[in-house]
Amino acid sequence: APPGDDDSAPEEPAPPLGFDAACAAEPAEPSAGWRGPLSDAHVHGDFLSPEEQEPFFSSLLREMNAQGVERVVISGPPPWNLPGGLEALRALETGWEDLARRCPRLLFQVAGFDPDDAAAADYVAARLEEAPFAGVGSVDLHHPFGDHDPLAAGMPAVYDLLEARGLPFQFHGLTSHDPGGDFPARMLEVIAARPGLQFVWFGCPGSLPGRPANLTCVLPTDAVAGLVETGADLALDGAVVGVDTAPQGYNPPRA
């Protein structure tokens, strides 16, 4: 037919993959740079109702597949920025149990406890019995909106529990907002005293000479960019990147 005379209907785009199909799909191989599987070590969930959680993580999985990301580590919004506080975070983590069972690419972590509560480990233990949560994540130990001693009343038992189960402990330790403070030294003492527990430090100093083998540094993408721009020494050995952003159309609070 002459150009313009084809009156056949345009092909409808395929509907987006749902949660289970998106989880099962193979991520695309990155077209440039690192060609192997990628992981994102630090993603926050959003302020959403229980019924909105699956669509949120379906969108995340579709973006992961498009960008070649194999898995992500997920924690809730910080309780200080979540309507309803700690109880709302616990309700959110309850809603993640089914999603954690259905998609092993989403490594959900729990943090619905007060580090100063001596019974904090009881909450963590109950969650770990209920679903395949990937340890504890994004606990505010050193943050402008939440500061707790690394050996606060609830923390030793949480460390013991995770070490016994072979699960990691990820925490916020934003040294950039208090560069002259003693938090890094105190935290490193705790890490060195527990060589059997893997610590994951979001916001650790860009260079850590003598980094303990049981410590992984998570560097936010803006921190990496700043270090590159200034030519600072970046100890990439034992460091991973945490994007700390949500899928398009969602906007959780930054860490």
Side-chain angles (χ1 to χ4, degrees), residues 39-47 72-82 85-86 89 107 109-117 120 134-155 158-159 162 168-194 197-212 214-246 251-255:
S39 297
D40 186 336
H42 194 90
V43 172
H44 280 293
D46 207 342
F47 299 98
V72 298
V73 179
I74 300 161
S75 60
W80 43 264
N81 208 12
L82 185 65
L86 203 57
L89 179 55
L107 305 179
Q109 296 187 317
V110 299
F113 61 87
D114 181 351
D116 294 322
D117 179 2
V136 167
S138 297
V139 177
D140 289 334
L141 291 186
H142 194 56
H143 193 288
F145 297 103
D147 236 342
H148 297 277
D149 190 280
L151 292 175
M155 295 313 302
V158 170
Y159 299 147
L162 295 175
F169 174 74
Q170 181 170 184
F171 63 96
H172 284 135
L174 305 185
T175 55
S176 58
H177 84 280
D178 182 24
D182 64 350
F183 176 80
R186 291 189 294 112
M187 194 69 229
L188 286 169
E189 287 179 359
V190 172
I191 293 169
R194 294 177 177 272
L197 173 59
Q198 188 66 36
F199 289 84
V200 184
W201 184 343
F202 186 90
C204 66
S207 180
L208 266 181
R211 179 189 59 82
N214 62 322
L215 170 62
T216 298
C217 287
V218 180
L219 303 174
T221 49
D222 53 356
V224 175
L227 289 165
V228 171
E229 287 173 5
T230 60
D233 175 34
L234 175 61
L236 284 176
D237 179 33
V240 297
V241 172
V243 175
D244 200 17
T245 58
N251 185 32
R254 291 187 57 79

Report the residues that fulfil side chain to side chain donor-acceptor pair (under 3.5 Å) with Asp117, sequence neighbours left out, ordered by chain and then residue number.
->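 Asp117 satisfies side chain to side chain donor-acceptor pair (under 3.5 Å) with no other residue.
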Quick one: side chain to side chain donor-acceptor pair (under 3.5 Å) partners of Gln109, sequence neighbours excluded?
->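 Side chain to side chain donor-acceptor pair (under 3.5 Å) list for Gln109, sorted by chain: Gln170.
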Trace of the side chain to side chain contact (heavy atoms under 4.5 Å, CB included) decision for Tyr159 with Ile191 | CA-CA 10 Å; Tyr159 299 147; Ile191 293 169; over 6 Å; no
So His42 and His44, would you call those rings parallel, tilted or perpendicular, with 30° and 60° as cut-offs?
->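 If you compare the ring of His42 with that of His44, the planes turn out perpendicular.
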Min side-chain heavy-atom separation Leu141-Phe183 under 4.5 Å |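 A side-chain contact under 4.5 Å exists here.
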Which pair of heavy atoms, one from [X] and one from [Y], lies closest together, and at what distance?
{"X": "Ala120", "Y": "Phe113", "answer": "CB-CD1, 3.5 Å"}
{"X": "Trp201", "Y": "Gly173", "answer": "NE1-O, 2.8 Å"}
{"X": "Leu89", "Y": "Pro77", "answer": "CD1-O, 4.0 Å"}
{"X": "Leu197", "Y": "Asn214", "answer": "O-ND2, 3.0 Å"}
{"X": "Pro168", "Y": "Leu162", "answer": "O-CD1, 3.6 Å"}
{"X": "Gly137", "Y": "Ser75", "answer": "O-CB, 3.9 Å"}

From [X] [atom1] over to [Y] [atom2], what is the distance, rounded to the nearest 0.5 angstrom?
{"X": "Leu174", "Y": "Asp147", "atom1": "CG", "atom2": "CG", "result": "9.5 Å"}
{"X": "Met187", "Y": "His142", "atom1": "CE", "atom2": "NE2", "result": "11.5 Å"}
{"X": "Arg194", "Y": "Leu215", "atom1": "CZ", "atom2": "CG", "result": "15.0 Å"}
{"X": "Asp40", "Y": "Ile74", "atom1": "CG", "atom2": "CD1", "result": "9.0 Å"}

May I ask you to check whether Asp116 and His148 show a side-chain donor-acceptor distance below 3.5 Å?
->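 Yes, His148 and Asp116 have a side-chain donor paired with an acceptor closer than 3.5 Å.
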What residues form a salt bridge (charged side-chain N to carboxylate O under 4.0 Å, His left out) with Asp149, not counting sequence neighbours?
->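 Partners of Asp149 under the salt bridge (charged side-chain N to carboxylate O under 4.0 Å, His left out) test: Arg186.
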